[in-house]
Number of protein chains: 2
Amino acid sequence: MDTIGHRGASAAFLREDLGPCTCHRRIRSTLDVIANKWAVPVFVELVRAKGEPLRFTQLARAIPGITQKELTKQLREMEAAGLVLRKVYPVVPPKVEYTLTQLGWSLDPVLDALARWAATYGNVVADNQARFMERRKADGAAP
Amino acid sequence: MDTIGHRGASAAFLREDLGPCTCHRRIRSTLDVIANKWAVPVFVELVRAKGEPLRFTQLARAIPGITQKELTKQLREMEAAGLVLRKVYPVVPPKVEYTLTQLGWSLDPVLDALARWAATYGNVVADNQARFMERRKADGAAP
DNA sequence: CGGCATCCATTTTGATACTG
DNA sequence: CAGTATCAAAATGGATGCCG
């Protein structure tokens with residue numbers, strides 16, 4: 001034990017293996033998968049479907065504000081990573097269905113960890129940010 | 001049980017509370033804190049310091065490729081959120097020290113979850129992406 | 001229906017120079 | 001030393017229109 005008291009979890013993700021460099025890359029590669037603007041909304045819809053396939057337009061209508069372009073882009077990215085399965089039916093008019101793969105489902109606990117952190121600390125963070133802005137205004141207004 | 005077999009974790013982050021909308025916001029608000037390009041590198045350095053304060057230039061030299069501008073921006077953002085403490089010594093030449101706060105340390109298990117997911121599935125994802133690119137080239141080359 | 005192509009606005013990032 | 005200011009480059013996001 002050292003005398004510097006933060007007392008909590010201490011860098012589990014750093015101790016587990018070879019050092020900060022590998023660690024950066026790993027965290028970053030996970031973020032690259034889930035940090036895009038529409039990644040989470042698309043993900044959540046597919047999760048909510050519980051394995052039922054969803055058609056392109058179903059997803060589009062379920063996610064307010066998304067454009068076809070962005071939805072296409074996001075689905076392609078997830079398909080490329082192997083998180084979703086894209087099934088094309090050779091019919092007219094076209095029919096394409098999307099489902100989460102096993103690999104896709106494996107992200108569920110990760111997203112859960114993010115949601116839980118915000119549930120616990122989100123308000124504190126928002127408060128801090130608000131106060132920080134206040135202080136900046138006060139400091140800027142009276143020099 | 002339903003007959004559609006994904007068999008794994010099933011939407012823990014959706015069951016815990018009010019629905020997908022709250023869930024989106026929470027996950028997004030956490031991502032807003034950690035998803036910026038330099039957030040993780042800065043974070044990891046502060047974690048590695050184990051509570052020891054780090055000076056601006058120490059951080060800058062420890063993080064290859066970062067510019068002063070980006071480091072300043074990142075540290076300000078983290079300070080605003082209450083994740084780091086910024087201590088200014090009124091001396092010349094200037095001396096400023098940064099440390100993680102308790103709130104900052106609370107992100108450690110979250111980052112750990114991200115690192116662990118990549119440790120488990122990162123190679124599979126990379127493989128999938130490589131194969132996807134191959135397929136795209138093959139399909140484009142022989143129409 | 002699903003999706004690609006194009007154009008444009010906004011944001012993010014980087015390089016460089018300057019300062020108390 | 002620890003920033004700020006300015007400018008340029010690049011990535012991202014949104015709005016349309018067309019097509020099989």
Side-chain angles (χ1 to χ4, degrees), chain A residues 24 28-29 31-42 45-46 49 53-80 84-99 132 135-137 139-140 143, chain B residues 24 28 31-42 45-46 49 53-81 84-99 132-133 135-137 139-141 143:
Chain A
H24 292 168
R28 174 47 52 190
S29 78
L31 286 174
D32 286 343
V33 169
I34 61 173
N36 290 326
K37 182 171 184 187
W38 297 106
V40 173
V42 169
E45 282 311 312
L46 289 168
L54 290 180
R55 298 186 61 172
F56 186 87
T57 13
Q58 285 184 287
L59 281 165
R61 270 180 285 126
I63 302 169
I66 200 171
T67 62
Q68 310 97 310
K69 179 188 171 185
E70 293 298 306
L71 181 54
T72 302
K73 191 174 142 201
Q74 186 58 47
L75 287 168
R76 280 298 175 287
E77 201 178 313
M78 293 168 81
E79 186 198 0
V84 306
L85 182 68
R86 178 171 179 264
K87 183 157 189 184
V88 183
Y89 294 87
V91 296
V92 27
K95 178 179 176 181
V96 183
E97 287 179 342
Y98 295 90
T99 41
F132 190 82
R135 287 214 48 170
R136 279 200 69 112
K137 268 202 296 187
D139 291 1
Chain B
H24 291 169
R28 175 46 52 190
L31 286 174
D32 286 343
V33 171
I34 60 173
N36 290 325
K37 182 171 184 187
W38 297 104
V40 173
V42 170
E45 281 311 311
L46 290 168
L54 290 181
R55 297 186 61 168
F56 187 86
T57 11
Q58 284 185 288
L59 281 165
R61 268 181 286 124
I63 302 169
I66 199 170
T67 62
Q68 310 99 307
K69 181 188 169 184
E70 292 299 305
L71 181 54
T72 301
K73 191 175 144 201
Q74 185 59 46
L75 287 169
R76 283 294 178 290
E77 201 177 314
M78 293 168 83
E79 187 196 0
V84 306
L85 181 69
R86 177 168 178 266
K87 184 161 188 182
V88 183
Y89 295 87
V91 297
V92 26
K95 178 179 176 181
V96 182
E97 287 180 343
Y98 295 91
T99 41
F132 190 81
M133 295 246 293
R135 287 213 48 171
R136 281 200 66 113
K137 270 201 297 187
D139 291 2

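Chain identifiers are assigned alphabetically (A, B, ...) following the order of the sequence lines, protein sequences preceding nucleic acid strands; residue numbering begins at 1 within each chain.
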- Within the side chain of A:R61, is there an N or O that forms a donor-acceptor pair under 3.5 Å with the backbone of A:F56? no

Roughly how many Å is it from [atom1] in [X] to [atom2] in [N], rounded to a whole number?
X: A:Q74; N: C:dG2; atom1: CD; atom2: P; value: 17 Å
X: A:L71; N: D:dG13; atom1: CG; atom2: P; value: 13 Å
X: B:Q68; N: C:dC18; atom1: CD; atom2: P; value: 14 Å
X: B:K73; N: C:dT11; atom1: NZ; atom2: P; value: 12 Å
X: A:E70; N: C:dC4; atom1: CD; atom2: P; value: 13 Å
X: B:F56; N: D:dC1; atom1: CZ; atom2: C1'; value: 9 Å
X: A:E97; N: C:dC1; atom1: CD; atom2: P; value: 15 Å
X: A:L59; N: C:dC1; atom1: CG; atom2: P; value: 14 Å

- Task: Please determine if a side-chain N or O atom of A:R61 lies less than 4.0 Å away from the OP1 or OP2 oxygen of C:dG2.
- Result: no

- Look at the side-chain N and O atoms of B:R55 and state whether any lies under 4.0 Å from the OP1 or OP2 oxygen of D:dA2. yes

Give, for atom [atom1] of [X] and atom [atom2] of [Y], the distance between the pair rounded to the nearest 0.5 Å.
X: A:Q74; Y: A:E70; atom1: CD; atom2: CD; answer: 8.5 Å
X: B:R76; Y: B:R86; atom1: CZ; atom2: CZ; answer: 4.0 Å
X: A:W38; Y: A:L75; atom1: CH2; atom2: CG; answer: 12.5 Å
X: A:L59; Y: A:E97; atom1: CG; atom2: CD; answer: 10.5 Å

- Message: Using a 4.0 Å heavy-atom cut-off, does A:P93 contact any base of the nucleic acid, only the sugar-phosphate backbone, or nothing at all?
- Response: sugar-phosphate

- Across the strands shown, which category fits B:Y98 at heavy-atom distances under 4.0 angstrom: base, sugar-phosphate, nothing? sugar-phosphate

- Query: Mapping B:P94 and A:V88 onto DNA chain C by nearest heavy atom, which one lands closer to the 5' end?
  - Reply: A:V88

Closest approach to the side chain of [X], judged atom by atom: which nucleotide of [options] is it?
X: B:V96; options: C:dC1, D:dG14, D:dG3; value: D:dG3
X: A:T57; options: C:dC1, C:dG14, D:dG3; value: C:dC1
X: B:R76; options: D:dC1, D:dT4, C:dT13; value: D:dT4

- Message: Looking at B:K69 and C:dG14, is any side-chain donor or acceptor paired with a base atom of the opposite kind under 3.5 Å?
- Response: yes

- Message: Taking the nucleotide of DNA chain D with the nearest heavy atom to each, does A:W38 or B:L75 sit closer to the 5' end?
- Response: B:L75

